[in-house]
2 protein chains.
Amino acid sequence: MTPPRDLPPTGVLERGLLLLSLFTQQTPVLQLKDLSAASGLDKATILRALKTLVAWGYLEKRPDGSYSPGPANLRMAAIYRQTSNFVRRIEGAIVSISDAIGQTTSFFVRSNGERVCLARDNVHRDFRYFIEVGATVPLADGGAAARLLLAYTDPDSPAHAKIRSEARYISRGERNRHLASVAVPVFEGDGTFLGTLTITGMAADLDDETLLRFSRIAADELARVGLSVAASR
Amino acid sequence: MTPPRDLPPTGVLERGLLLLSLFTQQTPVLQLKDLSAASGLDKATILRALKTLVAWGYLEKRPDGSYSPGPANLRMAAIYRQTSNFVRRIEGAIVSISDAIGQTTSFFVRSNGERVCLARDNVHRDFRYFIEVGATVPLADGGAAARLLLAYTDPDSPAHAKIRSEARYISRGERNRHLASVAVPVFEGDGTFLGTLTITGMAADLDDETLLRFSRIAADELARVGLSVAASR
DNA sequence: CCTCTTGTTTCATTAAATGAAATGTGGTTC
DNA sequence: GAACCACATTTCATTTAATGAAACAAGAGG
């Protein structure tokens with residue numbers, strides 16, 4: 001999940017994956033022109049890659065000639081869920097946490113300059129803050145989760161040291177004026193950083209005091225499944 | 001979704017995608033040795049591909065050195081779901097159908113010698129027959145859905161002509177001794193083949209008469225969302 | 001009918017992928 | 001603990017496959 005170079009990628013496979021990465025929830029349908037502009041690659045090069053990507057079902061060509069992700073991704077995602085045992089542990093913790101605090105709880109990892117939602121509670125489907133599993137948000141868009149992910153995966157992120165020392169981050173109205181959230185880092189038992197668990201709710205209901213309390217509850221529940229909010233044992 | 005060649009693929013991108021295709025629900029974790037044996041590619045070649053696949057999050061390297069699908073697939077799957085409007089239409093039809101008949105209804109497409117479940121009803125979660133969205137089964141394993149998919153995507157499949165002319169297939173105890181199911185083809189309004197809708201239940205409850213009736217109900221509901229069980233208008 | 005935009009094919013040039021062999025690493029056996 | 005084995009990883013001269021500029025096709029719109 002190390003972010004790849006940012007300017008001109010080389011190597012056919014890497015270029016193919018770069019093309020996939022251009023499809024986002026904001027722009028899920030792209031045509032050759034767009035892909036060329038966004039990637040800086042030659043149209044002929046892209047066309048070749050698209051052909052095989054489509055043949056294998058990772059993209060599909062729409063009637064109007066544009067491209068969008070294909071069903072092969074569904075297949076791979078299902079295997080990922082099945083395999084990733086820590087996703088399953090996280091899911092358990094999330095259920096306990098959202099039961100205990102009555103707010104939306106979700107877990108994000110960093111992947112390629114974005115945060116991917118790996119799990120969320122499916123109880124508190126608040127229409128004001130509803131995020132699907134697999135949904136992605138650019139890290140640059142900010143928010144508690146993004147800042148924490150940056151602090152733990154990017155040595156020269158803003159407030160790097162401060163966030164790390166506190167091992168949490170509270171944001172108010174950063175991405176949505178009415179929301180507040182607290183994010184805590186999640187570490188594997190052996191100290192490797194996994195991602196961030198975020199609790200979100202209406203800002204009016206949640207003062208800093210409450211959010212801090214929630215983060216402590218989260219830490220307790222994570223500990224129950226062998227996960228930790230601190231790198232060192 | 002055209003199945004790629006069957007013997008030795010060339011081209012780096014295609015080789016990378018081949019590697020991904022080796023991960024299945026039956027074998028979700030593979031090591032270099034396995035990938036080499038299964039693909040026939042040189043270990044050095046594979047290792048290079050794995051490195052970039054891991055860097056972009058499509059695979060992840062486990063502590064013991066083996067590989068499994070990574071979170072980037074979740075991201076792509078989420079976009080696919082959002083985009084694929086026909087999946088949404090199918091979902092609508094599935095709800096209506098399973099409401100009407102009280103049995104498990106699911107929709108499969110062919111992808112690379114396997115059938116992928118794109119949608120299923122989430123009402124009749126019968127423990128005897130429960131398939132997740134994204135789940136895959138090798139086409140060679142048989143079953144009503146597999147036979148129908150083969151008949152419509154593989155010109156030299158067994159009983160090709162017969163199945164096509166009937167536009168349905170009933171199976172009894174083929175994959176599970178106690179189950180019976182009927183599969184019907186699904187076509188886009190313009191006549192392009194999409195996949196197969198399958199109704200499954202306990203064999204004891206479902207005689208051929210009933211299954212045929214179900215398939216007619218399915219055809220009606222599909223028609224309501226602009227889909228068809230026959231290629232020609 | 002002409003023009004602009006986007007997609008597709010071609011082909012000589014060049015760079016990137018290849019894979020056999022050598023080396024590294026961890027685990028198992030005696 | 002030495003010798004062995006299985007598997008992972010790196011190296012590097014060779015060769016193959018990717019590249020992209022340009023030419024061509026296909027619409028869309030005026």
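We use all heavy atoms of the structure for the numbers below, so side chains are in, but hydrogens, waters and symmetry mates are not. Here is the naming used below: chain letters follow the sequence lines, and residue numbers restart at 1 for every chain. Keep in mind it's a predicted model, so treat the numbers as computed, not measured.
- In this model, the phosphate group of D:dT19 is approached by a side-chain N or O of A:Arg15 to a distance below 4.0 Å at OP1 or OP2.
- Here the nucleotide nearest the side chain of B:Thr45, chosen from C:dT8, D:dA21, C:dT18, is C:dT18.
- Using a 4.5 Å heavy-atom cutoff, the side chains of A:Asp141 and A:Arg175 are in contact.
- Side-chain atoms of A:Leu32 lie closest to C:dT8 of the nucleotides C:dT8, C:dG19, C:dT9.
- Note on A:Lys51: a side-chain N or O is less than 4.0 Å away from OP1 or OP2 of C:dT9.
- Summarising the geometry of A:Leu150 relative to A:Arg110, their closest heavy-atom pair is CD2-NH1, 3.7 Å, with the distance given to 0.1 Å.
- In this model, the phosphate group of C:dT18 is approached by a side-chain N or O of B:Arg48 to a distance below 4.0 Å at OP1 or OP2.
- Spacing between atom CD1 of B:Ile46 and atom P of C:dT18 amounts to 10 Å, rounded to whole angstrom units.
- A sub-4.0 Å separation between OP1 or OP2 of D:dA8 and a side-chain N or O of B:Gln31 is present.
- Atom CG in A:Asp64 sits about 14 Å away from atom P in D:dG27, given to the nearest Å.
- Salt-bridge formation is detected for the pair A:Arg224/A:Glu221: a Lys NZ or Arg NE/NH1/NH2 atom is positioned less than 4.0 Å from an Asp or Glu carboxylate oxygen.
- Closest to the side chain of A:Tyr67, out of C:dT9, D:dT11, C:dT8, is C:dT8.
- Between A:Leu13 atom CG and D:dT19 atom P the separation is 11 Å, expressed in whole Å.
- Remark: A:Phe23 CZ to A:Asn73 CG distance equals 10.0 Å, nearest 0.5 Å.
- When the nearest nucleotides of DNA chain C are assigned to B:Asp42 and A:Lys61 by heavy-atom distance, the more 5′-ward of the two goes with A:Lys61.
- Comparing atom distances between the A:Lys43 side chain and each of D:dC7, D:dT10, C:dT8 picks out C:dT8 as nearest.
- Rounding to the nearest 0.5 Å gives a distance of 7.5 Å between CZ of A:Arg81 and CD of A:Glu91.
- Atom pair B:Leu41:CG and C:dA20:P shows a separation of 12 Å (rounding to whole Å applied).
- Atoms CG (A:Leu47) and P (D:dT19) sit 12 Å apart, rounded to a whole Å.
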